[in-house]
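Have a look at the structure below before the remarks.
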Amino acid sequence: MEKKTKKQTKLHIKTGDTVKVIAGDDKGKTGKVLAVDTAKTRAFVEGINIVTKHVKPTAAKPQGGIEKKEAAVHISNLMLVDPKSGEATRTGRKIGENGKLVRYSKKTGEVING
């Protein structure tokens, strides 16, 4: 029996974007997106949703111990920060000058690079 996979859709944020958390324990904080998991619609954001992970000793880390690292945040809880104004903004898509879809800020109307 084959496993069904979720259809991957375009998301309003990409790796490298600066985002603001709009819901959850870290509400109001901003950070840079490290990675995006499109299948689970989650993103890893620098300094957001820090969890403690117990690591067993291995050859690479013979000491083992406790690590603090970022956990995934659902994309619906993140909002893109407009590079021009520095405020959180909704995004839209429109066809750019070269005929490709580009993201733009709904607040300022500026095209967002990336």
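Position 1 is the first residue of the sequence; numbering continues from there. Please read these numbers as outputs of a predicted model, since none were measured by experiment.
Note that OG1 of Thr15 and NZ of Lys32 are 10.0 Å apart. Values are rounded to the nearest 0.5 Å. Taking NZ of Lys10 as the start and OG1 of Thr38 as the end, the distance is 11.5 Å to the nearest 0.5 Å. Note: Thr18 OG1 to Glu46 CD = 9.5 Å, rounded to the nearest 0.5 Å. Between atom CG of residue Asp82 and atom OG1 of residue Thr91 there is a gap of 10.5 Å, rounded to the nearest 0.5 Å. Within the model, atoms CD1 of Ile48 and NZ of Lys20 stand 11.0 Å from one another, a figure rounded to the nearest 0.5 Å.
Within the 3.5 Å criterion, the main-chain N or O of Gly47 finds a donor-acceptor partner in the side chain of Glu70. Formation of a donor-acceptor pair under 3.5 Å by the Asn98 side chain with backbone atoms of Lys100 is found in this model. The closest donor-acceptor contact from the side chain of Arg90 to the backbone of Ser105 lies at 3.5 Å or more, if one exists at all. Asn49 places a side-chain N or O within donor-acceptor distance of the main-chain N or O of Ala72, the cut-off being under 3.5 Å.
In this structure, Arg103 and Asn113 have side chains that are not in contact, with every pair of non-hydrogen atoms separated by 4.5 Å or more.
Residues Val19 and Met79 fall into different hydrophobic clusters, defined by Ile, Leu, Val, Met, Phe, Trp and Tyr side chains chained together at heavy-atom separations under 4.5 Å. Following chains of ILVMFWY side-chain contacts shorter than 4.5 Å, one can reach Val33 starting from Val21, so the two form part of one hydrophobic cluster. Linking Ile, Leu, Val, Met, Phe, Trp and Tyr whenever their side-chain heavy atoms come within less than 4.5 Å puts Val73 and Ile75 in one cluster.
The shortest heavy-atom contact between His12 and Asp17 is O-OD2, 4.5 Å. When every heavy atom of Ile50 is checked against every heavy atom of Lys68, the shortest pair comes out as CG2-CB, 3.9 Å. Taking both residues in full, the closest heavy atoms of Ala43 and Ile13 are given as CB-CD1, 3.9 Å, listed atom of the first, atom of the second, then distance. Contact record, Lys94 with Gly109: NZ-O, 3.9 Å, taken as the closest heavy-atom pair.
Taking a 6.0 Å sphere around NZ of Lys84, one finds it holds 12 or fewer heavy atoms contributed by other residues, nucleotides or ligands. Ile95 CD1: 12 or fewer foreign heavy atoms inside a 6.0 Å radius.
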Which is it for Leu11 and Thr41 under the side chain to side chain contact (heavy atoms under 4.5 Å, CB included) test, yes or no, and what are the steps along the way? CA-CA 8 Å; Leu11 303 171; Thr41 60; 4.3 Å; yes

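Residues Thr108 and Ser85 have side chains that never bring a donor and an acceptor to within less than 3.5 angstrom of each other.
Just one residue in the list Val45, Val36, Ile22 forms a side-chain contact (heavy atoms from CB on, under 4.5 Å) with Leu78, and that residue is Val45.
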Show me the donor-acceptor pairs within less than 3.5 Å that the side chains of residues 58-66 make with the rest of the protein, sequence neighbours left out.
residue	atom	partner	partner atom	Å
Thr58	OG1	Ala60	N	3.4
Thr58	OG1	Lys61	N	3.1
Lys61	NZ	Glu67	OE2	2.3

